[in-house]
Student: 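I have a structure here, written as structure tokens, and I will follow up with some questions on it.
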Amino acid sequence: MRTATIARKTAETDISLELNLDGAGKSVIASGSGFLDHMLTLFASHGRFDLNVSCKGDTYVDYH
């Protein structure tokens, strides 16, 4: 399988991502931005890859 797991934590954000290029188009997206969640969900679905994204941070300032 072609997979990747990435995590990045800074003072402002905590992001984790799991990608499976040989997936079925399933996704669990929680970025804090509704539009970005929607677009990433469609991207995974139409691209037929699995994508899990979790983002936490100070989005009240802006979407880094």
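For clarity, every value in this text was computed on a predicted model and none was experimentally measured.
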Student: Would you check, one step at a time, whether the test side chain to side chain contact (heavy atoms under 4.5 Å, CB included) holds for L42 with H38?
Tutor: CA-CA 6 Å; L42 290 176; H38 171 71; 3.3 Å; yes
Student: What I'd like to find out is whether the side chain of R8 reaches to under 4.5 Å of the side chain of T10, using heavy atoms alone.
Tutor: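 SC-SC contact between R8 and T10 confirmed.
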Student: List in chain and number order the residues that pass side chain to side chain donor-acceptor pair (under 3.5 Å) with D37, two or more places apart in sequence or in another chain; answer none if no residue qualifies.
Tutor: S31
Student: I'd like to check the side chain to side chain contact (heavy atoms under 4.5 Å, CB included) partners of R2; sequence neighbours left out, ordered by chain and number.
Tutor: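 With sequence neighbours excluded, R2 shows a side chain to side chain contact (heavy atoms under 4.5 Å, CB included) to L21, D22, given in chain and number order.
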Student: Could you list the residues that satisfy side chain to side chain donor-acceptor pair (under 3.5 Å) with D14, not counting sequence neighbours?
Tutor: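 Partners of D14 under the side chain to side chain donor-acceptor pair (under 3.5 Å) test: none.
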Student: Nearest 0.5 Å please: distance from the OG1 atom of T41 over to the NE2 atom of H46.
Tutor: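 Result: 10.5 Å between the selected atoms.
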Student: Quick one: pull up CD1 in I15 and NZ in K56 and give me the separation to the nearest 0.5 Å.
Tutor: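 Going from the CD1 atom of I15 to the NZ atom of K56 covers 11.5 Å.
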Student: N52 and S27: which non-hydrogen atoms are nearest, and at how many Å?
Tutor: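 Taking N52 first and S27 second, the nearest heavy atoms are OD1-C, 4.1 Å.
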Student: If hydrophobic clusters are built from ILVMFWY residues whose side chains come within less than 4.5 Å, do V28 and L36 share one?
Tutor: no
Student: Short question: side chain of D50, backbone of L19 - any donor-acceptor pair under 3.5 Å?
Tutor: no
Student: Taking it one step at a time, do M39 and F43 satisfy side chain to side chain contact (heavy atoms under 4.5 Å, CB included)?
Tutor: CA-CA 6 Å; M39 295 307 290; F43 188 48; over 6 Å; no
Student: Report the distance from atom CD1 of I29 to atom OG of S54, rounding to the nearest 0.5 Å.
Tutor: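 Atom-to-atom, I29:CD1 and S54:OG are 10.0 Å apart.
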